[in-house]
Structures are given as C-alpha cells and as structure tokens.
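Given the structure is predicted, the values throughout are model-derived calculations rather than measurements. These values consider heavy atoms only, across backbone and side chains, with no hydrogens, waters or symmetry-generated copies.
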Amino acid sequence: MSIEEPMRKTEQEIMPARASQITKPLGYDIYPYYSLGDNKIFNGYSSLCDFIIEQKTVVIDGYVGVYWNKLITALKEDLIDRGYALNLIESKNYLKSQAQLNEMIAPFLGTEGSVWGTKTTLTLADYFNMQALTEIEKSTSADINIIIGCGASLSDWKAALIYVDLPKNEIQHRMSAGSICNLGLDLQKEQTEMYKCFYFVDWVVLNNHKKALINDIDIFVDAQWEDSINWTYGKDIRKGLEKMSSSVFRARPWFAPGAWGGQWMKEHMPQLDRNEVNYAWSFELIAPENGIVFESSSFLLEVSFDALMFTQNKNVLGVHAAKFGDEFPIRFDFLDTFDGGNLSIQCHPSLKYIQREFGENITQDETYYILDCKDDAKVYLGFQDNINPTEFRDSLEKSNLYNEEIDIEKYVQVHQAKKHDLFLIPNGTVHSAGAENLVLEISATPYIFTFKMYDWVRLDLNGKPRPINIDHAFKNLDFNRKGATVKQELISKPSILFEDNDFICYHLPTHKEHFYNVHRLEFEAEVEVETNNVCHVLMLVEGTAITVESADGTIMTFPFAETFVIPAAAGSYKMINKGSERAKVIKAFLK
C-alpha cells in the first residue's frame, strides 16, 4: 500500500506530540495527561535507533493500523546512514495466504452487510506459518538484526522488545481515509465491514497478544503522528500505570459526528474543531477505545486504556476484579442532540442474547443522565399501555420498506427531560434521546449493540440509510415495560442517603438489572469519600470546577463535565469546590 495515500480522514486535529503545543482552556480539556517525571519520554526515530544500536538485536511488535512501511523506511534510512549493516525481517512475510486468512476470519464476521459479528476465538499465532516464523535465524554477518511487524514477537527471538501502539480513534480516522487494512490483509473492506473486522477479530486477537507481552515490553512507541514517534521505557510506563491505579486519573476523550449530532460540545469544549458538522458522541470513558496519555519534559505518549487493566485491574476494580477481570465495566459518554435530532428508536440485547450471538460477557444496560437540556427536550422510553406488538412491527416494517414516517408516539411513551433526571434503560427497553439534550450516558461498557427500529426516515452523514435491525430488536424487546410501569420503574426517584452540614448524598436508584449504582454528591465547600475497595467513576455535573486529592497526595482539578476515575485502591479522596456555586458530582460504581 502506498504511503502517499491520505493518512487520516477527519476534521479533528491529531493530538499534539508535545504538551507545550496545547493551549489549556479554562474549562473542559480534551487532552488530559499524567506526568511520568522528567526525561522519561523521547522523540523521533533517531533516538529510537540509538537504543536499537545498543541492543544490536530487537523485536518490534505492535498493533494493527500502524504505518509499518513508514516506520521501517525511517529506521532503515537512519541505521544505514550511520554505516550499519542491517538484517531487517518483516513478520508479514510469514503470514498465511490472503485466501486462508479470509476463510479463517469469515465465521466471526456474520453476514456481509450486517453490523455485527461474533468475538473471535482466534489467536495471533493462527495468522502465521508458525514453523517458518520460529525458524528465522539472526544474521551473524549483520551489525543489527530486527524482526518487525504485528506478531514479530511470535518468532521467539530472545531480544529487547519494542511495542508500537496506535489509539483506536486514529485507527478509525485512517480507516476512513482508506490508508490501512485489517490485520494480515492487503485489500481494504467497505468501512462497515472493516470496523466490524476490527471490533470482532483484529482488536480481540491483538489485545490478547498485548496482554501476554505487557510485562515484557522494553520500549513503548506511540505512532499516531505522521512523521515522527514518541517513545518511552516499559518500566516507566508500568510504574506510571501502577501509581495511577491507586490515585485519580482521566482517560483521553475523543469525539465523533453523527446523523443526529448536536452543537453543545462544540460550544462548550473550545479545543474541538469547529469545522466538524456536529458532535454526536463523546467517548468519555469507553475503555475498549480510550487511551491514557503520559507526559514527560513536555513530550506526550498515549497507551491504550487496557494497558492499565492488563497490569493493574485489581487496584482499579478492587472487590469486583474477580468478576470483571481486565474488562472495565462502566461506560461514560455524551450524546449531544442540542440543535440536532432524535436518536433512533432502539433497544439493546439481553445478557443471554449478547453472549450467544456476539460473544460479549456483559450487555448494554444503560441510563440517561440529563446534564443539560432545553425546555422542550424529550426522552422516549417504554411502550404505551395499549401497545400491540404485531401492529408495532408492521408499522416499522412498512416504514423501512417504503421510507415513510410513522407516529412513533402512538407506540412509545415520551417524557419531558429536565436537568439531573436519570432515565433507566435496562436491556430490552425501547428508548431514544430526543433533540435538545446533552445526555450523560452512564452504562455498562458494551457500546455498539444498538438495535435500531425507526430512524425518522433520514440518511447518515454519507447520504446513506442507517441500518435498521427490526428482527434483532423484536427478539429482545420487553413489552411489559409499558403504561404506568414506565414511570414507576424506569425513571429514577432520588432520595437522600445521608447528609452532614452542607453535604448531601442522593441515591439515584438504578434498575434491578443494572449492576452499577449512581449517587449525586452535593456540597458547598468540600467532602471526603471512602472507596471501600470499589472503583468510582465521577463527573462534576453542576458547578465550575473541583479539585480532587487522593490519599496518596495526588491532586488534580476537573472542570464541569470532565469524567474522572478513582480506582478502588485509592482508599479515599477529598473533593474541594473551586467555584462560587454549589458543586454537584455524579458518582457511578458497581453494586
């Protein structure tokens, strides 16, 4: 594949390689980072070549989407210019044939054109002719031996291990530009098929591979920039992750436009590119796709969120680590419909269905917390008392077939949305966020399993109809969530859990099927909170800013609407109100 192709397709700028290039806003910051101390992160191919020369033999493994041709060319030019005889072997030359790989992954991709597949059971070794790969010998006549590419460490060379990573959002920007392919393949699929292959096959295989390597990686390389790299020593990353796992931190959020997207985030987050048509989603804390950014002497380096979970899941999840392992189970994201449109009428799969059909461990149980809204904002939730499932399905099928609008309120209840309301959406519940909302979605982590039934007869941003999944939906819809039951069971009724002087803790009960709970902490000055060996995910939902001090002395300040995490191992933390108005903080945690 030509490296002259456009590298990424998005209006949004890539994260700067240096903190000094970032103008810090007064409010929400899209580039949070965690300091490693001075002189821990290094820049450029030349400095990495200094390390390679010292080692003489290195293994360079890494993730799908990396521009391996660019990296190889840069390393070759630098080392050869210095006069070294180089033996460089590419792991891709030991892959199975394209036909073999396509046949191997096909069972996990569902039918062509479908949105979902099933999480693969393949391993990275399955992609290779392992006998040939493990028989590769180093050259005794070369000054430097390198084996490089996805799966290079499967060669079992005893050498220093360099791991080259790439953030998930950049993978998707490169995918949109047509500049990368799926793991082991030379031809790019259609975008929906390509993302499906990433989610259900590539990322599963490579995450498991990364997990196996994580404690042996000598060098981490961040390859998200077009013409350079930042890198650091594995021991420093692991030390940083360990410290982070017992204090307080933020993941790096990222943002995406959509058919129904709005303008709230664009107006309230000054670092976002204003040329983007809208912002529909923020990936505040969607662990499978977020990264964590480290800083040292102004250089920035991003690692995947799962690097934290692979190394420190017990510190992060505490008493719940035994159940969830290295999966981070709580998701925070924004749905922005301010001056936008309604989300599709939709539902999510039952636990048994998502496990059987898609290979997930937990299902997409959600809540909508209304962070901001206009006076006419609505939430669609639950069925009308007189719902007739057959009539409802017939109307949906007809709408989909003939591209006709339907009176959805004949079938689905609509509720006025007010700031700080919490709507409960256990799996199987019909729902949608209406226009003029900024929804904080507090949910279980799975995030792509939305069965759309009605999408208001509109096209996506590429001018194509969005997929409608009526059959999946009707295998999961709970038609007992109707009538008066909806307000009784699916709209949370806050109650005071305890209060002390100016501090009040409200309990916002979730549904019995939700495995997480929600509190809102309101205070004028400050409050101290115990973790009780449970991870807390938090956000300031009213007020200007708060400073958080964990028991180990780590201090961070979070303005309105920033998501942050207090790991279970932090033990306790203090929140100090930095604004003049009363602070209100949402806290989600596992039951």
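Checked by atom type, the side-chain pair E242/Q312 shows no donor-acceptor distance below 3.5 Å. S153 and H209 are linked by a side-chain donor-acceptor pair at a separation below 3.5 angstrom, with hydrogens and angles left out of the test.
Taking the six-membered ring for Trp and the full ring otherwise, F305 and F328 have centroids separated by under 6.0 Å. For H519 and F589, the ring centers are positioned less than 6.0 Å apart.
Partners of E284 by side-chain hydrogen bond (donor to acceptor under 3.5 Å, both in side chains), not counting sequence neighbours, listed by chain and number: Y28, S282, T563. Evaluation of the side-chain hydrogen bond (donor to acceptor under 3.5 Å, both in side chains) rule for Y199 yields E360 as partners, not counting sequence neighbours. Scanning for ring pair (Phe, Tyr, Trp, His ring centres under 6.0 Å) contacts around F220 gives an empty result, with sequence neighbours left out. In terms of the side chain to side chain contact (heavy atoms under 4.5 Å, CB included) criterion, residue partners of N532 (sequence neighbours excluded) are, by chain and number, E530.
Relative ring orientation between F423 and H415 is described as tilted, the plane-to-plane angle lying within the 30° to 60° band.
Residue pairs meeting the salt bridge (Lys or Arg N to Asp or Glu O under 4.0 Å) criterion with at least one member in residues 565-574, sequence neighbours excluded, are E526-K574. Legend: salt bridge (Lys or Arg N to Asp or Glu O under 4.0 Å) pairs involving residues 213-225, not counting sequence neighbours: none detected.
Taking each heavy atom of I214 and A307 in turn, the nearest pair found is CD1-CB, 4.0 Å.
For the ring-ring contact (aromatic ring centres under 6.0 Å, His included) test with Y195, the passing option among W203, W116, F200 is W203; the others fail.
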